[in-house]
Amino acid sequence: MSDRRLDEAALLARYLVGETPRPQEAERYREAVRLRGVELARARDRRLWDLMMRRPAMIGVVDAGLALTDPHSPVRHRIYLMLAILEASPAHCRHFLPAPYPRVHLAGVAWRGVLAALRALAGIALVRSYGVLWR
Amino acid sequence: MIHDLVVVGSGMSGAHAAQTLLEGGRRVTMLDVGFRDTRVADLVPHGDFLSVRETDESQHRYFLGDAFEGIPWGEAGHSLTPPRRYIAHEVERWIPLRSEHFQPLESLCYGGLGSGWGAGCAVYPPIELEAMGLDAGALGAAYQVIARRIGVAAQRDDATPYCSEGLDEVQEPLRMDRSIRMLYEAYTRRRHAFHARGVFMGKDPMAVLTRPLGDRGGTRYTDMEFWSDPDRAVYRTWMTLDALRRREDFHYVPRRLVLRFEEMSDRVRVLTRRTDTLDDESFDCRTLVLAAGTLGTARIVLRSLPGPRRLPLLTNAYAIAACLNPRMLGATLERERTSLGQLEMFVDPDRNRLGARMISLYTYRSLLLFKLLKEVPLALADALPLMRAMSPAIVLATINHPDHPDPGKYVERVADPESPTGDALRAVYALTELERRRNARCERTVLGALRRLGCIPLKLQHLPPGATVHYGGTLPFREDEAPLSLSREGRLAGTRSVLVADGSGFRYLPANGPSFTLMANAHLVARGLLERGASA
């Protein structure tokens, strides 16, 4: 169980900020999941979680789908815990603190928004299909 | 032993009533539960927010909490940061409240809710004070007394008639940050157009020192107000209590939950339960001053007096509009700034200062980005770079509505065998259809005004009733000695020697926060007691 949580922490951190967490942040994630009691009680959530852990490229798709269809899902709760842990760490906080940028970069931000919307559409389809298949 | 005066509760009302009584030469015993825990706050280093973020390896302990209790999940409501979680310690256990919709925040801590307030010090216009059942002339002088005690920063501007009229002896106002300054400049350029729509802007007085006062320092704009009390620049009630406890004529008795009182021919008996040993204990006094907060005092009075079981309840309806100030995209907020309310907007539909809506404008940084990301309907990894780029441009407008009594808003005492006191408070709170329509109309005016200031409203979220942490009206001021009411001097009807010094008497709750008025009213209740004692 313990090692599995540490592996999860590494996958989630890479998904969120593209970096491997330090051991203390991975340990913090394990503690957070335990103390907050974030259990995957529903079959659909367990299946989605297994998919994310087997295929890390799917984490973003599942997360995007749940953000619109089930924003308080325990799957998303776990990702959110890792996000908060990374933000409250001096090693990763730079990904969260605003930095000045030229206005032209807004085009890049807008493009990321378009990609995010596309990912959300794919995520909705995926999450809905899992909901039907494993109801 | 018969105590001269017993004050119940150490919040803003209790602390300032006690101070006035002590300054008038009386001896005061304060009964209080008084939970206090500074272990998390003590971890917060000195330094500004950005420095702390970049260097402190233990920041997760106060930003997230050792049990990760600072990571909110689910629907939005009021939330305390980990260093201030003790404010609500054991509230569920000792003073349970049952309600489907009403979500109050109460406190049994040392200094009460004043240990974590937002420091707004609104001076209500006379027309609102009269609607509350208060003496506007007397309150005007009382505001000055409290301002001298706690230190208030304010300025004269278009908002003055709504929130600071007559307030002198104040310090320089808090600086606005770049984003808010842009909005204020947009307002000043089109001031007359805003006025024509009943919209007025300026700064609410704040209980924040901008230069030293006594042993407290002026703010250094570290942006850490939500996490600690740097330099003690923001006034907290415990500062008054600490000072009072150095006096020999003040006796602070912690770990006592006051259950009820009995008035006898020559004394008032106060029955308490110890929160450590669960033993019952009574205190006799000549005069009892209840200042346990609107809901706390309601519990004590309902247990003590016969009569109707339902008490009216007031709280402010509350919404938050998240907006984007596009001119700030690509810019950054200053390192030295404050996260407290920086600028206020008043929407006065009837142009008479009665019933004006109060909107506070904040920029967002020190509560951390992850709390915002939760609200974005995107994958968290997609939301992060977008919100990071947008965060300096985010402006939060908190919209507060005034409240009037209505039969659909009340509290009552109900049996609860699981509670250590055997009872609980049950709250029912529902706005009338007319109130909903009026509030919605004013919110449309607010959103329109924000657009004219150059802000793009992104999301309007209504918070559950009780989320403002402003309550009142349970024992309304009346002239006729009706049961469960207060005289204007604060005396509880049907008693000779029981006074109420908190917001229980307010017949109307203005939109702006009542904290300054709670302190001023408590001072007046105490001063009236001193004057009547002197004349007797």
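Lettering follows sequence order; numbering is per chain, from 1. For the numbers below, each heavy atom of this structure counts, side chains included, while hydrogens, waters and symmetry mates do not.
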Check each atom of B/Pro72 against the heavy atoms of chain A and say whether the ones under 4.5 Å are side chain, backbone, both or neither.
both
Given side chain to side chain donor-acceptor pair (under 3.5 Å), test A/Tyr15 with A/Asp63 step by step and report yes or no.
CA-CA 10 Å; A/Tyr15 157 63; A/Asp63 185 13; 2.5 Å; yes
Toward chain A, the part of B/Val52 with a non-hydrogen atom under 4.5 Å:
neither
Option that, when pairs with chain B are counted at under 4.5 Å, heavy atom only, ranks first among A/Arg28, A/Glu31, A/Gln24, A/Arg112:
A/Arg28
Could you tell me if the side chain of B/Phe68 sits less than 4.5 Å from the side chain of A/Ile85, heavy atoms only?
yes
Assert top hit (heavy-atom pairs under 4.5 Å, partner chain A, pool B/Asp56, B/Thr55, B/Leu369) equals B/Leu369
Name the atoms and distances for all side-chain donor-acceptor pairs under 3.5 Å in residues 89-96 of chain A, with sequence neighbours left out.
| unit_1 | atom_1 | unit_2 | atom_2 | d |
| --- | --- | --- | --- | --- |
| A/Ser89 | OG | A/Glu25 | OE2 | 2.7 |
| A/Ser89 | OG | A/Ala91 | N | 3.2 |
| A/His92 | ND1 | A/Glu19 | OE1 | 2.7 |
| A/His92 | NE2 | A/Glu25 | OE1 | 3.0 |
| A/Arg94 | NH1 | A/Ala91 | O | 2.7 |
| A/Arg94 | NH2 | A/Glu19 | OE2 | 2.1 |
| A/His95 | NE2 | A/Glu19 | OE1 | 3.4 |
| A/His95 | NE2 | A/Glu19 | OE2 | 2.9 |

Contact part of B/Ser391 toward chain A, heavy-atom cut-off under 4.5 Å: side chain, backbone, both or neither?
side chain
Heavy atoms of A/Leu40 and A/Pro74 approach each other most closely as CD2-CB, 3.8 Å
4.5 Å side-chain heavy-atom contact, B/Trp73 and B/Lys374:
yes
With no hydrogens and no angle check, do the side chains of B/Gln342 and B/Tyr362 hold a donor and an acceptor under 3.5 Å apart?
no
Ring of B/Phe226, cation from B/Arg84 - is the NZ or CZ under 6.0 Å from the centre and inside 45° of the axis?
no
Give the member of A/Ala84, A/Ala67, A/Pro100 that has the highest number of heavy-atom pairs under 4.5 Å with chain B.
A/Ala84
Is it the case that the side chain of B/Tyr364 and the backbone of B/Leu368 share a donor-acceptor pair, with hydrogens and angles ignored and the cut-off at 3.5 Å?
yes
When you measure from the centre of the six-membered ring of A/Trp49, is the NZ or CZ of A/Arg78 under 6.0 Å away and within 45° of the axis?
yes
Contacts of B/Ser228 that satisfy side-chain hydrogen bond (donor to acceptor under 3.5 Å, both in side chains) - sequence neighbours left out
none
What part of A/Leu16 gets within 4.5 angstrom of chain B, counting heavy atoms only: side chain, backbone, both, or neither?
both
Heavy-atom distances under 4.5 Å only: say whether A/Pro102 touches chain B with side chain, backbone, both or neither.
neither
Is it the backbone or the side chain of A/Ala99 that comes under 4.5 Å from a heavy atom of chain B, or both, or neither?
both
Does the side chain of A/Asp70 reach to within under 4.5 Å of the side chain of A/Arg42, using non-hydrogen atoms?
yes
Option in A/Arg34, A/Arg36, A/His105, A/His77 with maximal non-hydrogen atom pairs under 4.5 Å from chain B
A/His77
Under a 3.5 Å distance rule, please check whether A/Glu87 uses its side chain to pair with a backbone N or O of B/Phe370 as donor and acceptor.
yes
Please check if the side chain of A/Arg44 supplies one atom and the backbone of A/Tyr130 the other of a donor-acceptor pair under 3.5 Å.
no
Under 4.5 Å between any side-chain heavy atoms of A/Met58 and A/Leu126, yes or no?
yes
Contact part of A/Arg22 toward chain B, heavy-atom cut-off under 4.5 Å: side chain, backbone, both or neither?
side chain
What part of A/Val17 lies closer than 4.5 angstrom to a heavy atom of chain B: side chain, backbone, both or neither?
side chain
Any donor and acceptor pair, going by atom type alone, linking the side chain of B/Glu375 with main-chain N or O of B/Leu373 inside 3.5 Å?
no
Examine whether an atom of A/Thr69 lies under 4.5 Å from a heavy atom of chain B, and if so say whether it belongs to the side chain, the backbone or both; otherwise answer neither.
neither
Do any of residues 330-337 of chain B come closer than 4.5 Å to chain A, heavy atom to heavy atom, and if so which ones, in number order?
B/Gly330, B/Thr332
Of B/Met390, B/Gln59, B/Glu54, the largest count of non-hydrogen pairs under 4.5 angstrom with chain A goes to B/Gln59
The single option from B/Asp48, B/Val44, B/Thr338, B/Asp229 that satisfies side-chain contact (heavy atoms from CB on, under 4.5 Å) with B/Met224 is B/Val44
Contact residues of residues 378-388 of chain B (partner chain A; heavy-atom separation under 4.5 angstrom):
B/Leu378, B/Ala379, B/Leu380, B/Ala381, B/Asp382, B/Leu384, B/Pro385, B/Leu386, B/Arg388
